[in-house]
Amino acid sequence: MTTIILKPHKEESLKRFHPWVFSGAIARIVLDAAHAAAAPEEGELVCVCSAANEPLGVGHWQIGSIAVRILAFGVEQLPEHFWHERIRAAYQVREALGLIRPENNTFRLIHGEGDFLPGLIVDIYADTAVVQAHSVGMHVNRMEIAKALTDEIPQVQNVYYKSDDTLPFKAPIEGDKVGHLRETGTPGFRDAEEFWSMENGLEFRIDWLRGQKTGFFIDQRENRALVERYAKGKEVLNMFCYTGGFSLYALRGGARSVDSVDVSQKAIDLVNINVARNFPNDTRHHAYAADAFDFLNEKITNYDLIILDPPAFAKHRDAVKNALRGYQRINAKAIEMIRPGGILFTFSCSQAVDKEAFRLAVFSAAAQVGRKVRILHQLHQPQDHPINIYHPEGEYLKGLVLYVE
Ligand code: SAH
């Protein structure tokens with residue numbers, strides 16, 4: 001195996017289990033005999049050693065500022081059965097937390113660094129696992145991962161791969177970035193168009209093929225349940241609704257009416273399908289394909305409960321300033337239009353915007369409008385999206401529930 005030797009003192013973060021090795025920390029690379037080229041191949045397993053030649057761990061090599069993502073600390077080889085064991089361990093945690101129940105067969109199984117598998121996301125929808133690789137190494141290992149999933153997770157019969165948006169686009173990737181990796185049991189992979197998965201007793205059509213991310217935003221499950229608790233008798237606006245997650249919970253919670261808005265017509269079609277499935281002939285719900293700012297500017301209706309769950313406004317650090325301006329603008333609009341005694345659920349899923357910066361943007365929005373606003377809850381990502389304490393970069397979802405006088 002290729003060995004990566006670090007510069008003196010650069011082993012310290014690895015000894016504290018932070019899983020990334022930055023390219024600037026590398027002193028030299030010792031290739032094994034199998035290499036024809038002068039550099040390691042992207043995605044191959046490498047052993048990282050301190051300047052004193054102490055093995056620190058094994059990880060995936062990649063070109064870029066993060067050169068190695070460590071999979072196993074303190075070893076020179078990946079342990080036998082590594083993939084099976086890691087995946088089984090992640091499943092056991094979710095089972096112990098009570099997340100996997102007949103009425104809840106939708107959950108995130110692998111959350112990258114939070115499950116000690118940097119670069120890998122796996123979401124479970126009923127009998128299907130959707131795998132997303134964020135590193136070339138995970139792409140290279142995708143077949144082992146798929147086999148471990150069907151071997152270790154009792155309900156998983158199909159594994160679908162969807163990494164067209166997440167792999168570094170310059171990497172010379174061998175093999176398809178999307179497609180079926182594995183199917184057991186049911187002959188013939190079912191079409192995602194007719195696929196239903198259950199979250200807390202509500203059914204959602206999951207279209208991993210054409211949908212965003214792996215098909216659904218599992219990370220809002222607990223926050224949706226909180227909306228259900230507050231929805232009774234309220235006129236609700238679910239802005240940036242995607243397939244209607246928050247809307248279904250609000251309807252079940254007894255909302256007087258629910259308006260769902262998303263700029264994507266495809267998303268709006270799915271909201272309507274999901275509402276019809278769970279609440280047939282219910283006239284309380286209306287869906288609009290519209291831009292958020294246009295809708296908020298034109299709509300004269302007031303609401304008692306508003307949910308704002310926009311896409312990541314800042315995808316990179318250099319976009320943070322504009323993102324904060326965006327958060328302030330949209331929150332000011334909502335704080336302005338909500339009825340007295342209204343409740344606003346407002347979120348940011350930009351990893352680059354931390355919770356203090358987000359809170360400051362919402363504070364600025366409240367101050368701009370000049371209404372009395374109190375914080376009722378501070379929300380975050382759920383327990384199947386854990387944050388590895390040694391890798392604080394894994395924290396990305398934050399939300400505030402506000403009471404507007
Ligand atoms: N709340 C959703 C997830 C939201 S993801 C859930 O619980 O599942 C963000 C959504 O915002 C996407 O569906 C995207 O289509 C939508 N969106 C992006 N820009 C928008 C805009 N300018 N106006 C309205 N919706 C927008």
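Just so you know, ligand 1 is whichever comes first in the structure, and atom 1 is the first atom listed for that ligand.
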Min N/O separation Asp262 to ligand 1 under 3.5 Å: yes
Just by distance, no angles: are the side chains of His139 and Glu42 close enough, under 3.5 Å, to form a donor-acceptor pair? no
Quick check: does Pro310 get an N/O under 3.5 Å from an N/O on ligand 1? no
Of all the non-hydrogen atoms in the protein, which one sits nearest to atom 18 (C) of ligand 1, and at what distance? Pro311 CG, 3.5 Å
For Ala290 and ligand 1, answer yes if some heavy atom of the residue is under 4.0 Å from a ligand atom, otherwise no. yes
Atom 23 (N) of ligand 1: nearest protein contact (heavy atom, Å): Ala292 N, 2.8 Å
Are any of the side-chain heavy atoms of Gln368 and Gln328 separated by less than 4.5 Å? yes
Less than 4.0 Å between a side-chain N and a carboxylate O, is that true for Asp269 and Arg205? no
I want to confirm something. Looking only at heavy atoms, which of Leu248, Asp219, Val263 is nearest to atom 25 (N) of ligand 1? Val263
At under 4.0 Å between heavy atoms, what of Met239 touches ligand 1? The answer is neither
Would you check the N or O atoms of Ala267, main chain and side chain alike, for any that come under 3.5 Å of an N or O of ligand 1? no
Is there any N or O on Asp309 that sits under 3.5 Å from an N or O of ligand 1? yes
Aromatic ring proximity, centroids under 6.0 angstrom, Phe345 and His377: no
Counting the benzene-type ring for Trp, do Tyr125 and Phe195 have ring centres under 6.0 Å apart? no
Do any N/O atoms on Gln220 end up under 3.5 angstrom from N/O atoms on ligand 1? no
Test item: side-chain donor near acceptor, His286 and Ser257, under 3.5 Å: no
Nitrogen or oxygen of Phe240 less than 3.5 angstrom from that of ligand 1: yes
Between Ser135 and Arg69, is there a side-chain donor-acceptor contact under 3.5 Å, judged purely by atom types and distance? no
Assign the ring pair Tyr396 / His385 to parallel, tilted or perpendicular, where the plane angle (0 to 90°) is split at 30° and 60°. tilted
Worked check of salt bridge (Lys or Arg N to Asp or Glu O under 4.0 Å) between Arg221 and Glu199: CA-CA 8 Å; Arg221 180 188 57 243; Glu199 185 185 86; 5.2 Å; no
Close-contact set for ligand 1 against Asp291 heavy atoms, below 4.0 Å: 21 (C), 22 (N), 23 (N)
Numbered in order shown, the ligand 1 atoms found under 4.0 Å of a heavy atom of Arg224 are 6 (C), 7 (O), 8 (O)
